[in-house]
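Counting convention: from 1, in listed order, for ligands and their atoms alike. Quantities reported herein were computed from a predicted structural model and do not represent experimental measurements.
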Amino acid sequence: MLKFLKQVGDYAKEAVQAGRYIGQGLSVTFDHMRRRPVTVQYPYEKLIPSERFRGRIHFEFDKCIACEVCVRVCPINLPVVDWDFDKATKKKKLKHYSIDFGVCIFCGNCVEFCPTNCLSMTEDYELSTYDRHELNYDSVALGRLPYKVTLDPMVTPLRELVYLPKGVTDPHGLPADAPRPGARPEDLVEQEK
Ligand code: SF4
Ligand code: SF4
C-alpha cells in the first residue's frame, strides 16, 4: 500500500514538473507573439539591394568596341558579339550584342574586364518570364534603364541589415536619413583632405 502511494506521489511530482516546463516553453512562445514581425511584405515592401549587388547587366551600344574581352572572360563564353570589319575606317563595327540571362550566372566577370565600361551590373533581379527565349536580351533590351525599388511609388523600400544604424535590426519605420555604421566613400575622401 505504501509503495503504491509513493508511486502516485512520484507521478504527481513529475506531472507538475512537466507542466511547469511546458508553461515556461509556452510563455516564451507567447512572448514572441508580442514582438513586431520582421517579415518583408513583398511585393509591397522590397529590400534595397546592396551597392555591389549583381543584377541584370546593362549595356551601352555606343561604347562597345567589339573587342570580345567579355566573351573570353565569361565562364561560359556567353555574350554574343556580332561585328563586321569596316574597310573604310579599318575598324570593327558592332552589329548586334546579346546576353542570355537564362544561362548567365551573374558572376560579373564581363563587367569587371570590359575595357570601355560599356557593361555594368544593375540592381534589377525581377527577370522572370514564361518563355526562356524572352531571357535572351538583345542590345536594346540590355540598354533599357533598370528598375529601382527606391523609385517605385507602389513599393516601400527597406534597407538591408548591413545598411541599418548600429544596434538596429529591423528596417521598418526607420527615418530615411538615419546613418548607417562605418565610413562611406565620401567620408573617407573628407578624412583624406
Ligand atoms: S568587353 Fe566591352 S567593349 Fe569589348 S566586346 Fe565586350 S562589351 Fe564590347
Ligand atoms: S555575368 Fe558572368 S556569366 Fe554572365 S555574361 Fe557576364 S561573365 Fe558571363
Greater than 12 external heavy atoms within 6.0 Å of Glu112's CD: no
Quick test of your reading of the model: are Lys46 and Glu123 salt-bridged, counting only N-O distances below 4.0 Å? no
Are Ile65 and Lys92 packed together at the side-chain level, in the sense that at least one heavy-atom pair is separated by less than 4.5 angstrom? no
Using the salt bridge (Lys or Arg N to Asp or Glu O under 4.0 Å) rule, pick out the option among Lys93, Lys95, Lys91 that qualifies with Asp84. Lys95
Tell me, which protein residue and heavy-atom name are nearest atom 3 (S) of ligand 2, and how many Å apart are they? Ile105 N, 3.5 Å
Residue pair Tyr137, Phe101: steps toward the ring pair (Phe, Tyr, Trp, His ring centres under 6.0 Å) verdict: CA-CA 7 Å; Tyr137 281 42; Phe101 289 120; 4.9 Å; yes
List every atom of ligand 1 that sits less than 4.0 Å from any heavy atom of Thr116, numbering the atoms from 1 in the order shown and giving each element. 3 (S)
Is there a heavy atom in Phe113 that sits closer than 4.0 Å to ligand 1? no
Which protein non-hydrogen atom lies closest to atom 2 (Fe) of ligand 1, naming both residue and atom, and how far is it? Cys114 SG, 2.3 Å
Heavy-atom closest pair (Tyr147 atom, Asp152 atom, distance to 0.1 Å) is OH-OD2, 2.8 Å
For Arg36, does the CZ atom sit with more than 12 other heavy atoms under 6.0 Å from it, leaving out its own atoms? yes
Which is it for Pro79 and ligand 1 at heavy atoms under 4.0 Å: side chain, backbone, both or neither? neither
How long is the gap from CZ on Arg159 to CG on Leu164, to the nearest 0.5 Å? 6.5 Å
Tell me the protein heavy atom at minimum distance from atom 8 (Fe) of ligand 1, and give that distance in Å. Cys64 SG, 2.3 Å
Can you sort out which atoms of ligand 1 are near Pro115, meaning under 4.0 Å from one of its heavy atoms? 1 (S)
Atom 6 (Fe) of ligand 2 reached by Cys107 (N, O or S, under 2.8 Å): no
Ion pair check, Asp31 and Arg34, cut-off under 4.0 Å: yes
Counting from 1 in the order shown, the ligand 1 atoms closer than 4.0 Å to a non-hydrogen atom of Leu119 are 7 (S)
Note the single closest protein heavy atom to atom 7 (S) of ligand 1, along with its residue, its atom name and the distance in Å. Cys118 SG, 3.3 Å
Of all heavy-atom pairs linking Val81 and Leu94, the shortest is CG1-CD1, 3.7 Å
Quick one: look up the protein heavy atom nearest atom 6 (Fe) of ligand 2 and list residue, atom name and how far away it is. Cys110 SG, 2.3 Å
Of all the atoms in Cys74, is at least one N, O or S atom closer to atom 4 (Fe) of ligand 2 than 2.8 Å? no
Using a 4.0 Å heavy-atom threshold (strictly under), name the region of Val103 that reaches ligand 2: side chain, backbone, both or neither. neither
Protein heavy atom at shortest distance from atom 5 (S) of ligand 1: Glu68 N, 3.2 Å
Ile57 heavy atoms, cut-off 4.0 Å: which ligand 2 atoms fall inside? 1 (S), 6 (Fe)
Where is the nearest protein heavy atom to atom 4 (Fe) of ligand 2: which residue, which atom, and how far? Cys104 SG, 2.3 Å
Without swapping roles, check the side chain of Asp124 against the backbone of Pro146 for a donor-acceptor pair under 3.5 Å. no
the protein heavy atom lying closest to atom 1 (S) of ligand 2 turns out to be Gly108 N, 3.3 Å
